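Below: one structure, written as structure tokens.
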Amino acid sequence: MIEFKNVSKKYPNGTLALDDVSLTINDGEFVFIVGESGAGKSTMLKTLFREEKITSGSLIVDGFDLKKTRNRKIPYYRRKLGIVFQDFRLFHDKTVFENVAFAMRAVGESTKSINRRVPTILSIVNLQDKVKCFPRELSGGEQQRVALARALANNPSIIIADEPTGNIDPKLSLEIMNLLIKIHKHGKTVIVVTHEKNFVDYFQQRVITIKDGKVVDDKVGGMFDA
Amino acid sequence: MRRYSLGYLISQTFKSLTRNSMMTFVSVAVLVSCLVVMGTFALLIGNIEVNLNKLGDLNQIVVFCKLGLEDEAVDEIGTQIRALSNVKKDDVKFVSNEQALLEEKEKYKKSSKVFENMEKDNPYPDSFVITYKDAEKVADLEYELSNIEGIETVKCRADLAQTIDSIKNGVIIAFTGFLAILFFVSIFVIINTIKLAVMARRQEIYIMRYVGATRSFITTPFILEGISIGVFSAGISFLIQWFGYSKLTDVVGSDYYMLDFLKFSDKVNVFGFFDTNITLIVLVSFLSVGIITGIIGSMISLRKYLKA
Ligand SMILES: Nc1ncnc2c1ncn2[C@@H]1O[C@H](COP(=O)(O)OP(=O)(O)OP(=O)(O)O)[C@@H](O)[C@H]1O
Ligand SMILES: [Mg+2]
């Protein structure tokens with residue numbers, strides 16, 4: 001469970017990016033976060049994976065109080081999250097397999113379990129035929145699927161995606177969204193920041209609208225009206 | 001750290017060292033100069049120390065009696081010397097003129113002809129070797145001694161000791177300053193080497209962080225990189241020091257045969273704990289200083305990444 005209680009985030013330069021945000025996201029929910037550019041959506045995700053610390057209020061995720069959790073424990077907390085960015089952030093000198101395996105190596109998984117698990121994940125994102133390809137040999141949609149596979153590699157309970165279709169051909173974007181829904185149906189909590197009105201309106205999920213750092217709308221089956 | 005990531009860590013370290021080969025080379029070169037200067041310095045001090053000790057006990061004054069004194073007069077001088085407060089009564093050694101002649105003959109065996117005529121007419125005076133208690137009051141003692149009836153000259157070995165001692169102090173000050181600068185430069189260069197390595201892997205580090213890699217997993221390859229620079233440098237420095245020093249002592253040693261030189265195989269006592277040879281001391285000090293410098297350098301450049 002994710003619980004924002006009166007969360008504010010002020011950057012060192014004085015920008016108040018989150019202003020008294022309170023909301024709860026239950027396990028297994030699917031949530032779209034929408035809002036204008038500069039509204040504070042990415043900041044919200046950054047506080048979730050503790051890239052940024054909140055300035056006031058409390059943020060509790062799966063029992064971790066992110067204001068109090070020691071730096072030393074943060075890596076273990078982050079293993080509960082899978083993160084996907086707009087720009088994929090893949091290694092261009094590594095194959096698809098190695099890109100996904102990297103996440104598992106980084107947490108000390110054995111080669112044996114890597115060799116067993118990576119192909120399984122790649123088949124979830126329908127990339128079983130591209131195992132040996134390099135990112136430059138893939139389309140944007142395929143690259144984002146690799147990134148998604150990497151986010152899934154350590155079996156996180158929450159998937160966080162910041163504009164995952166922002167750099168992708170609209171035709172291929174639907175594929176990514178469908179995958180995110182599929183992952184949600186496997187029982188994971190999925191949080192997606194997006195500007196894509198069509199998808200938000202089409203998928204009829206919970207929609208949280210943010211404006212100037214505040215939650216201005218939050219309803220299930222909501223529509224995109226940022 | 002789990003066992004199976006060890007191979008990964010080591011391969012990362014070597015990849016990084018070779019990718020960054022120019023900076024690695026500069027780091028090693030600077031650290032090597034630092035270590036060799038340190039070694040040279042320590043050996044120089046060691047050699048000064050050894051040769052100082054060879055001069056014998058330095059708290060000594062030699063007084064020479066006037067020539068041709070009666071035995072009673074010489075005894076009387078001895079009694080008066082022993083009565084002085086700054087003199088160790090039991091350490092007053094009488095050296096008769098015959099003894100002195102014998103010693104000189106022994107020293108210059110090769111040119112024994114010079115001494116032939118001296119048997120009849122001994123040119124050496126009787127002397128006393130005195131050990132004093134308080135070095136601070138040597139000047140007073142010298143004055144008191146020179147006032148004793150029958151004493152011709154007073155020679156204080158402290159003069160020589162002081163000269164050598166001040167040379168030693170000068171050497172220590174000059175080298176310490178130089179060494180401090182070199183260490184500073186070494187650490188600076190290593191910091192930058194590691195920083196470049198970190199920059200080259202910025203994206204990788206970023207991704208490692210958000211997939212939940214621990215701090216030690218992320219930083220260990222860089223620390224290992226620092227340590228490897230230290231170990232390489234120590235090894236190279238040791239070889240340079242060893243060859244350089246042996247050659248140098250061979251050359252200098254043959255010109256100044258009255259000086260003693262430490263050898264790498266000499267045993268010395270380490271802080272009163274155990275005896276070991278100089279080879280081991282040099283090697284161990286080079287390794288520890290090299291490794292510590294490497295670790296400090298990499299820790300400083302990783303400071304930012306040591307946070308979560
Ligand atoms: N590191 C930072 N330092 C200072 N200000 C920042 C920082 N990151 C974001 N901001 C500011 O905080 C506000 C919210 O930014 P944020 O990136 O969360 O917006 P966003 O909703 O994700 O926008 P977009 O849709 O364009 O990605 C903006 O005014 C932005 O300029
Ligand atoms: Mg954003």
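Below, chain A is the first sequence line, B the second, and so on; all start at residue 1. Since this is a predicted model, take the numbers as computed values, not measurements.
With a 4.5 Å cut-off on non-hydrogen atoms, A/Ile160 does not touch chain B at all. For A/Phe102, the part lying near chain B is the side chain, with the backbone staying farther off; criterion is any non-hydrogen pair under 4.5 Å.
Counting non-hydrogen atoms of other residues, nucleotides and ligands closer than 6.0 Å to NZ of A/Lys67 gives a total above 12. Annotation: A/Phe32, atom CZ; neighbour count of heavy atoms from other residues, nucleotides and ligands within 6.0 Å is above 12. Crowding of B/Phe25 atom CZ: a count of heavy atoms from other residues, nucleotides or ligands under 6.0 Å not exceeding 12. Around atom NZ of A/Lys185, no more than 12 heavy atoms belonging to other residues, nucleotides or ligands sit under 6.0 Å away. For B/Phe184, the CZ atom is loosely surrounded, since the number of other residues' heavy atoms within 6.0 Å does not exceed 12.
Taking each heavy atom of A/Pro75 and B/Ala213 in turn, the nearest pair found is CB-O, 3.5 Å. Listed here is the closest heavy atom pair of B/Gln203 and A/Leu90: NE2-O, 3.2 Å.
Between B/Thr214 and A/Arg79 there is a side-chain heavy-atom pair separated by less than 4.5 Å. Inter-residue side-chain proximity for A/Val107 and B/Phe217 is flagged as unmet; no heavy-atom pair is nearer than 4.5 Å.
Atom CD in B/Glu204 sits 4.5 Å away from atom NZ in A/Lys94 (nearest 0.5 Å). Note that the CZ atom of B/Arg215 and the CG atom of A/Asn71 stand 7.0 Å from one another [nearest 0.5 Å].
Ranking A/Lys73, A/Arg89, A/Met104 against chain B, the residue ahead of the rest is A/Arg89, based on heavy-atom pairs under 4.5 Å.
A donor-acceptor contact shorter than 3.5 Å is absent between the side chain of A/Glu51 and the backbone of B/Tyr210. At distances below 3.5 Å, not a single donor-acceptor pair connects side-chain atoms of A/Arg78 with backbone N or O atoms of B/Val211.
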